[in-house]
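Take a look at the structure set out below.
Every chain is numbered from 1 and lettered A, B, ... according to where its sequence line falls, protein lines coming before strand lines.
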Amino acid sequence: MTATTEHPSPAAPAAPPEKGRGLFSRALEALLTQRVVLLVVLIVLLLVGMSILDAAGVLSGSFNADYLASALISAVPLAMLGLAQLMVILSGRGGIDLSVGSMVSLTGVVFGFAYGLWGWSLIAALVLAILVGGVCGAINGVLVAYIGFPPLIATLATYYAYRSLALVVSDQKPVNSPVIQDFYSAAQSVELPLIGGSLPLIPLGIFTFLIPTIVIVWLLLNKTTFGRRLYALGTNNVAATWSGINVKPNRMAVYIASGVISGLVAVVTVAQFASARPDAGTSGNGMALPSITIAVLGGVAITGGIGRVAGIVLSTLLIVWINASILLTLPGNDGTQFQLLALGVVLIFASLLNGLTRRKYGGI
Amino acid sequence: MSVDERGVSAPAVRATARRILPPPVTGQELVLVGVIVVLWVLLGLFTPAFLSAGSIRPLLVSVAPIALIGVGMTFIIITAGIDVSVGGAIMLCAVVTAKSLVDFDLALPLAIALSIGLGLLLGLLNGVLIAYGRVHAIIITFGTANIFQFLALRVFGSSTVNGIPGTFDVFGRGEAGRTFGVPHSFLITIVIVAVAWWYLRHTSGGRNLFAIGGNAQAARLAGIAVQPRILAAYALTGALVGLAACFFIAAGTSTLDQAVGSGRELAVIAAVVIGGTSILGGRGSVIGTLLGAILVQTVTSGVTQLGWPSQLANLFVGVFIIIAVGTDLLRQRARKAS
Amino acid sequence: MSPENVTATEPALRLELQGIVKSYGGVRAIRHADFAVRPGTVHALVGENGAGKSTLIKIIAGAERADAGSIVFDGVASTIASTADAIKLGVQTVYQEPQLFPELSVAENVFVGRELKRGLRIDWTAQADHMHELLGTVGLPDRIATVPVGSLSIAEQQQVSIAKALAGEATVLILDEPSAILTDSEIDVLFAVIRRLTASGVAVIYISHRLDELFRIADVVTVMRDGRTITTEPIGELSVRQIAELMVGGVVSESRPAQGETAGEVVLELDALSGADTFRNVSLTVRSGEIVGLYGLVGSGAGDIASVVYGIDRASSGRMLLSGEPVSIHSASKARRLGIHLLPANRSAQGSFSFQSIAFNITAGELKLLSRLPGWVTRRRERDIAREFIDRLAVKTPSQSSPLSSMSGGNAQKVVLARQLVKRPRLLVLVEPTQGVDVGAKEEIHRIISRLADEGTAVLVVTSDLGEVLRISDRILVVRDGEITAEFRPDATQVEILAAASGAESDPTKESA
Amino acid sequence: TSRNDDSGGGGGSTSGSDEPIRVAFVPKLQGIPYFEAMNSGGQQAADDLGIEWLYQGPTTADAAAQADIVRSFIQQDVDALIVAPNDPDSMAPLLQEAADKGIQVATSDTDAPDSVRQVFVNQASVQGIGEALTDSLMTAMGGSGKYAIVSCGETAANLNAWIDVQKEYTASEYPDAEIVDIVYAGEDQAAATSMATDLMNANPDLTGLVGECTSSAPGVAQAVKDAGKTGSVFTVGLGTPMSMAPYLEDGSSSASILWDVQNLGYLTAWAGLQLAEGNEFEATNDVSADLPAVEYDADTQVLLLGPPLEITKDNVAEFDY
Ligand SMILES: Nc1ncnc2c1ncn2[C@@H]1O[C@H](COP(=O)(O)OP(=O)(O)OP(=O)(O)O)[C@@H](O)[C@H]1O
Ligand SMILES: Nc1ncnc2c1ncn2[C@@H]1O[C@H](COP(=O)(O)OP(=O)(O)OP(=O)(O)O)[C@@H](O)[C@H]1O
Ligand SMILES: [Mg+2]
Ligand SMILES: [Mg+2]
């Protein structure tokens, strides 16, 4: 447990270790006050419930490990952008990044050109994508950290600007070529070496992009001084300054990080779509709002200073699997419509539960 | 401590009275007026017909619903909240109202009442959850946005609403829809903006919204009924969304499809922040919001009328947000420095 | 009023609390409190940090609800469910931390929640009128009315909060450590106000750690310890020392901390340093092992000198030398790299990471020490460091992972001080180090300071607490209107120093602590 | 893992020989009349041919959302899977996956050219649509004049293809006519309307407007009507009959170019059945009473519904979608 950096409320640790309290009541308190625990429980409930329905034979397809695994392909961009939002929101001062979707579109197009048309090597194109994403993020960072724009406004502006640029530079046509077609292999499902035979096929992106990102972000937040500075300035910007933390570069860094992750997601998306779409991150509801939803569902406090990597990972798993489950349960248009309901209800239920019970257990 | 024991001469008092009054218009608003005037002049020069009635009228018609919802959103953002569910709420109000126009051929007042009533209901739902749920507004409204969308899709029933009668034409279609050549939807918006401006500036209810946004804890300790006021702000926005939904139907075709309302939340928020309302709460103005909405619409239709690629419009919207808010920031810096 | 005639004419109780209990999650803030106030009296409430004073008055003010217990107001059993209820009863409160609206003007702040109306409209003229009068009462200039509160000093904000409390009709006025950040002359103004109110029958509840001043204003005193009300006595029956001992439940040593007279080489030298428009050509030196007291009334500019030394603000002219080397410090991080640490004046705004753990708060200033690998942190080291300083500063807490938000003012102050000591500083600047800190903790903090000095740290204490500056300084520099006007040795009298600090107009007939 | 036995015919409930053949269709977007009409056509076919017709579409015209649905149909191990891809490129690999699992794959309405789809059910040739649009607008405009196009999704492959045809065909066949601007309104009627208005203001001598998709077709007509330019500015578009009816009546829209969408749905379901049963397509196929002779081009593997159909105020009443 990282009470040190990550406890949203004085609840668990603040309470003196009373002898009398039974295991149950402490488990209950954890469930009610800690989002990560709640998410784990919800995921378990979902899996159990669906397996029962499956056994009862009311599903239109078998609910098995393969399906869950194949559904993870949409978890990759979601979780990665969720992690980007985690860092940005943690940094406080109303930190938020509405421009991630547009950055995905823009960097995706640039990557498409480099890799698909200019015949760059994958590595070179990847580096370019990271750079472009980093620059887009840096622009957000400068606006927010150095000029003092409220993040929501700065990134709302760049959301409009970047998405428009993506369309302009690509002449609003998906960038495409045989090379990019084959690049789909980077998103395909693969059998793990050694133990693979006994496991379902898992989308490659999980290993090539998601898990590395998870590990790096987790290490950054929990094991590095940067993480500490981040939690510090997210909790109290002034106090951070008086503690000798250079808040501006650190705050800027998280927006750059968000841009870089968006760059990586762009590459993932190009692989998944087997083409570089100038609206990849903005079509439909876009990627920004879902990623923010993932973050808040994962227990990130919108006011900054509170949030955990595990929360992001778990909330992504929950959402992705709920959606997949609904498709097997409800045929026709109902399925996709009820996905909206499920997302809304889960989000509100989880936040309300923790929000209200935090009071009972002595809140912030 | 009674009010009557005056320690000072009357004129001095009146002078202070004027000084402690909040300013009628902010510098931000003046800047916006300037920018808009310049743009209109330029567009007037470089396009064949931007300043013609045939161009300005539709512009005002598209501004009206955004500015109208913007009034509510300004109230909300002043209390340091936000509502990203307005898109979904518009969708739900619009489809329910349009369907009942088609199915029951409702009379105008009934239809308006229905739409506003439904919107109010949705706003109340948001308000209750936010004021009493101890959860940040953006989270709740992300949730309700999805739920409203779901409900709207159920009402649509996998189809569009066809053959909507012209009941709402009075809001701005044809001669019947105008007074002095100005579309009624815009006139209504102007009136509501004016009332909201007066309320925010001159009533304790209005001033308390600023207090809540500035420091909710302190507001509670000062004896302000914080939660009911927050609830009211969301309810108001809901009601305005209901009215705006009528405007959307009025301005639309005889067919209503699922795209109605989608993405409008960002358009409204953009208008509000361009108008100089601080997203951090405690500072804001409805006049600025109206100007912000006009600016955005001017840019988008200006780009098309100039014959530039329409996908450039968003780029300019982004740039204008930066410029508008940037100048605001710089002027505050300057004020702090002096 | 003197205690005698209070006990003589027994007026009915204005407010009576019985068997009050309140806990926050696991923390038992109030175990059992009985408390009764008479109209027209000043009732002092004292106790160590964390004794439960603020919690008790928050319950009276409706800011918190008691878990158990009864409240009787003017003889009627009442439930105070919200601050609105309390205000209806005429309970006006000045909280320990000013509760104001930074974006709004002073005028608006004062009337928030109690606007004067004509019909629906706010009656701006009436407010302006009343405003003028209130500012006069609390001794603030009229022009301040339109200034946004955010741009005022803490002291001014405190005075605005007092004006705010006076704006409504009061039957009970609660003051939670109003004097902590006020200068003596400002306190005199406050006391004048209080006397006027009590004369008109208002009951005043007055919390303070400056025990000496209680004897100037209070009629009755209630002592709290560990969430219990220990005793209630007419002030006349007790001495400062007795009160202090009731508070800590033991014997308080009066001994001045040992002062190492081994002042070494010059660490800090300011040479004709000037701030933007806050202070002018200030020259001073601090030697290693020496404690220099920089005494100035709030607003004198003493605090601004500290901010410049620590790199928060920029100097407009003059030089700053560190061990003889000229340095230009433009950020706190630079200052800390050079070994200059600072304990800020405004704990909650400048010092606390409120909902982060105590361990986090202690180590936040010296992340480098958290691992041998640069840029890395290891939890074990963090735990060790935190434990060491929790012990050294005797911080009262169930666990080092408790959030700072759950601690009382004084304990929080110790945690923020610990942050400055994790790495031994060359120069330690302390701004109001014991503001709002109880006698026990105050002693400990002073002892810690002089131990540091004995170990060779150069210490610069910026304070407006006369007793404190006399008690711990080896040399005392007095700042007035942004200039150093005098230097004293610790054997100087309070009167001399005060005269130098506040110009002629301060009254030399002030009893000393 | 159950991976291996899965390809056999997966979910317990769904396997079993007595079950009817299951043909699944994934539209670009649910809830718009166009695809819902295809759905009812497919349903009709299902009843006639005794197959099970599965229809599920995303709530936004979004490639990723559509992919999730396709994946779930693959998991349901349907017999034939037919898609109207939002993004042809991204659909190709998914169709490959389906084929690998032994599912028969096809496209309808919009093709995924370089994919493993066995057949593309084509409503009308790109050439045919582009030319029909141009011709009917030109008849209204009298063969000359300036016109503009209000398209929808900037990246919609088939809209862009039709626009290209319109450009060339106009240039070659109608030298006196000129396309002055092409704007993109998304799937948003309101945006289409105000952009059309802006176009008329920007080009006072504009005499024609094309609404390239089902949301912009009524949009441009409404704009003309509001501007009171009915009769001086002519519009055509790809609009569904019921949404266009009022505008066709009052003349603000001259014609809507479409095809019998229900028949397209019917043909799609029928094609799915043929694939599932492993039947070859003939050069001309007798599908139903309405579709006596549907042509099949073996080289391109395309089933062609027939020539596009011009909907005017005279025949608009015949359609109930
Ligand atoms: N259910 C899960 N599935 C996949 N990864 C997970 C899951 N739960 C946690 N992780 C990952 O395991 C790592 C540990 O999670 P987390 O960040 O919560 O650590 P922690 O509990 O805070 O430990 P510490 O106290 O060291 O911070 C992270 O990389 C997290 O993303
Ligand atoms: N919001 C809170 N959550 C948890 N514990 C709290 C909270 N507020 C106060 N406490 C605890 O209640 C006890 C009493 O706090 P209180 O502020 O009343 O002390 P105090 O007498 O005012 O101290 P000080 O003189 O330092 O202000 C302390 O132990 C404190 O840690
Ligand atoms: Mg962790
Ligand atoms: Mg206190």
Inset, instruction - Would you sort out whether B:R264 and D:D188 count as a salt bridge (Lys or Arg N to Asp or Glu O under 4.0 Å), showing the intermediate values? - result: CA-CA 11 Å; B:R264 292 285 188 259; D:D188 182 342; 3.4 Å; yes
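- The greatest number of non-hydrogen atom pairs below 4.5 Å with chain D, out of B:S310, B:G307, B:G157, is found for B:S310.
- B:S52 touches chain D through its side chain: at least one heavy atom from C-beta onward sits under 4.5 Å away, while N, CA, C and O do not.
- For the set D:A148, D:A202, D:S194, the entry with the most heavy-atom pairs within less than 4.5 Å of chain B is D:A202.
- Comparing B:A259, B:S55, B:G263, B:P58 by how many heavy-atom pairs each has under 4.5 Å with chain D, the most go to B:S55.
- The residue among B:V161, B:L59, B:D257, B:L256 with the most heavy atom pairs within less than 4.5 Å of chain D is B:D257.
- Most heavy-atom pairs under 4.5 Å with chain B: of the set D:D181, D:T240, D:D226, D:T197, this distinction falls to D:D226.
- Between the side chains of D:Q189 and B:T253, at least one donor-acceptor pair of N or O atoms lies under 3.5 Å.
- Under the 3.5 Å distance criterion, with hydrogens and angles disregarded, no donor-acceptor pair is assigned to the side chains of D:T193 and D:Q222.
- Note that the CZ atom of B:F168 and the SG atom of B:C246 stand 3.5 Å from one another [nearest 0.5 Å].
- Of the atoms belonging to D:F35, not a single heavy atom falls under 4.5 Å from chain B.
- Side-chain atoms of D:V220 and D:V236, non-hydrogen and from C-beta on, never get closer than 4.5 Å to each other.
- Interface residue D:Q30: backbone and side-chain heavy atoms are both found under 4.5 Å from chain B.
- Between B:F50 and B:G44, the shortest heavy-atom distance links the atoms CB-N, 4.3 Å.
- Put simply, of B:P48, B:A251, B:G252, B:S159, the one with the most heavy-atom pairs under 4.5 Å next to chain D is B:P48.
- Most heavy-atom pairs under 4.5 Å with chain D: of the set B:A49, B:S262, B:S301, this distinction falls to B:S301.
- A donor-acceptor contact under 3.5 angstrom links the side chains of D:S72 and D:Q76, judged on distance only.
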